[in-house]
Protein chains: 2
Amino acid sequence: MTAAARCAPAWQLSRKAHGKLRGEAALTGERPKPAPRPRDRDGTEARIIQAAAAIMARDGVGALGVNTVAREAGVDKQLVYRYFGGLEGLLERLGTDLRLWLGDAADAEIAGSGYAEVITGQLVAHLAALRANHLVQAALAWELVERSEAVARLGAAKNEAIRDWFAQVRATAGAPPRGVDATAINAVLLAGMHHLVLRARTAGDFAGMDLTDPASWARIEAAVAHISTAMYAAPAATIDDA
Amino acid sequence: MTAAARCAPAWQLSRKAHGKLRGEAALTGERPKPAPRPRDRDGTEARIIQAAAAIMARDGVGALGVNTVAREAGVDKQLVYRYFGGLEGLLERLGTDLRLWLGDAADAEIAGSGYAEVITGQLVAHLAALRANHLVQAALAWELVERSEAVARLGAAKNEAIRDWFAQVRATAGAPPRGVDATAINAVLLAGMHHLVLRARTAGDFAGMDLTDPASWARIEAAVAHISTAMYAAPAATIDDA
DNA sequence: CTTGCTTGTCACCGGCCAGTGACTTATATG
DNA sequence: CATATAAGTCACTGGCCGGTGACAAGCAAG
């Protein structure tokens, strides 16, 4: 499991000898030859990772388990243990790939003149990318529920991606207007977008907005752009906080 | 049940001495008198509800189950079925109480002059109330992960509370400035606050903000107030969208 | 008193899950 | 060729969970 993996460290097993042997089947009848999958380690690993991603995106993280992943992949669960060291390692591998996916989502072109325009464009692009990526959504939702080590690892990768993104934006757009806490404002806007996307995938609404209606998303996008533009507009010298 | 694991119960059941029938005890030896809990239906129901709330707030919704609740309450799980009709009914009852809690959170005084001031004060108050209420946080996180019927019921209650809140605010503060999509802006801000609070209880950070540091929350609060004030400031006639 | 309802308690079932040992067979290596 | 390794498969253990049936004891009405 995740955090509470060490549940029963000290049970002693009074193991009885296994009765049946494989060859016994010949006595009862002819075996229909199960036709094992052709050997392909890399392909099998890919199948397992793909299955985990599919379950995560479709059914959420709660449905992830060694049995379910193996079943989805059409593979014996033993292979999950052998190749990844259990669910823990599999999730770590999945996190690596997820990091790549995040990179894709953050690859929107950074363009525009001035901080306000650049940030606004980036926020809107981020919203669209996140809305399209169900896997990242599942990971994000997971982080809000679990407190495990795997989550922390995955979250660290994501944070690093966001940090890089911020640095890139700042390098392109320059500094935000003086006296504006851009980090906090961006955090609020980003968090708002994340939350609305996550609400859409389950509840379908939030605070009077029907999140199943594309029109609502247009309004949300406009609101974010509106806020971002207003906050980072050039003549913001009148606003000052400590 | 999610991946969160509970590993405790083995050492509680060490008393194995049960015979097939209750009366058999007299044959084998004197019974130490299991001393059943004195009869108190209302008290027992309250204990169960309280236990469910405690688990939800402490361990999250993933840890909720008939067994765990009964164990936490120190009560046989059969009573959960008898009194509430299973987990479903228990959660419904809990939702009723939760609705009251939500009411508490929304009972901040609506005061101020003008839409901007009223909304800003309400948002800040809502943030503080939500930060203090771990049970509502758990419910909110749950809604982002599950897609069940109980969730929908609970969410409906919450939405109704928010709707009432909006109506009250509008009645007090009047309409927002023309040309401003207040519903969408408020949704973004509200969603941002919710998301940051939910991140704080698990990940502890978001987009470069350390959510374990009270100073970060001061900045977030300032950012929300800043945005709200700027968006709803009276001379907003220059801004127009469709 | 007897009868019936309720409260509290326990035992048990089937099902799913995590994890392990062991077997078969294909492939590479000598 | 023989043999060691690795891939794929199966069987099995132990455990928790949801859910149900049954039992003992309190309590009240007749």
Side-chain angles (χ1 to χ4, degrees), chain A residues 1-2 4-26 31-45 47-48 62-71 73-90, chain B residues 1-26 31 33-45 47-48 62-71 73-90:
Chain A
M1 286 308 236
T2 54
R6 312 281 169 267
C7 286
W11 58 57
Q12 232 19 338
L13 41 143
S14 60
R15 192 171 288 281
K16 317 187 219 178
H18 276 98
K20 297 183 94 143
L21 293 176
R22 205 52 166 262
E24 245 179 67
R31 194 51 77 110
K33 215 164 210 200
R37 180 180 305 282
R39 299 192 164 199
D40 175 17
R41 160 119 189 198
D42 292 350
T44 301
E45 285 193 10
R47 279 177 134 260
I48 292 172
L64 269 183
V66 175
N67 288 293
T68 52
V69 168
R71 207 175 306 141
V75 153
D76 195 277
K77 64 177 172 177
Q78 174 70 24
L79 302 183
V80 176
Y81 289 102
R82 273 224 274 272
Y83 297 160
F84 302 95
L87 242 190
E88 201 78 1
L90 173 58
Chain B
M1 202 97 330
T2 67
R6 283 165 305 288
C7 316
W11 35 83
Q12 216 173 11
L13 310 172
S14 45
R15 5 178 247 171
K16 171 55 174 84
H18 279 98
K20 297 176 205 159
L21 294 176
R22 208 53 168 260
E24 224 179 88
R31 187 50 67 116
K33 216 164 211 189
R37 183 178 304 281
R39 299 193 162 198
D40 176 18
R41 161 117 187 204
D42 292 350
T44 300
E45 284 193 11
R47 278 177 134 261
I48 293 173
L64 268 184
V66 175
N67 289 292
T68 52
V69 168
R71 208 176 306 142
V75 153
D76 195 278
K77 64 177 172 179
Q78 173 70 24
L79 301 183
V80 175
Y81 289 102
R82 271 223 277 271
Y83 297 160
F84 302 95
L87 242 191
E88 200 79 359
L90 174 56

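These numbers come from a predicted model, not from an experiment. First the proteins, then the strands, lettered A, B, ... as listed; each starts at 1.
Using a 4.0 Å cut-off, some side-chain N or O of B:Thr44 falls inside it from OP1 or OP2 of C:dG8. B:Tyr83 has a side-chain polar atom (N or O) that falls below the 4.0 Å cut-off from OP1 or OP2 of C:dG8. For the OP1/OP2 pair of C:dA28 and a distance below 4.0 Å, the side-chain nitrogens and oxygens of A:Arg39 include no atom meeting the criterion. Regarding contacts with the backbone of D:dA7, a side-chain N or O of A:Arg41 is found under 4.0 angstrom from either OP1 or OP2. Close to D:dG18, at under 4.0 Å from its OP1 or OP2, lies a side-chain N or O of B:Asn67.
Going from atom CG of A:Leu79 over to atom CZ of A:Arg41 covers 9.0 Å, rounded to the nearest 0.5 Å. Rounded to the nearest 0.5 angstrom, A:Phe84 CZ and A:Ile48 CD1 are separated by 5.0 Å.
Regarding B:Ile48, its CD1 atom lies at a distance of 11 Å from the P atom of C:dT7, rounded to whole Å. Atom CG of A:Asp76 is separated from atom C1' of C:dG19 by 12 Å (rounded to the nearest Å). Residue A:Arg47 contributes atom CZ, which lies 14 Å from atom C1' of D:dA7 at whole-angstrom precision. Separating the CG atom of B:Leu79 from the P atom of C:dT6 is a distance of 14 Å, rounded to the nearest angstrom. Atom CZ of A:Arg82 is separated from atom P of D:dT9 by 10 Å (rounded to the nearest Å).
In this structure, A:Thr68 contributes its side chain and A:Leu64 its backbone to no donor-acceptor pair below 3.5 Å.
Distance from the side chain of B:Gln78 is smallest to C:dC10 among C:dC17, C:dC10, D:dA25.
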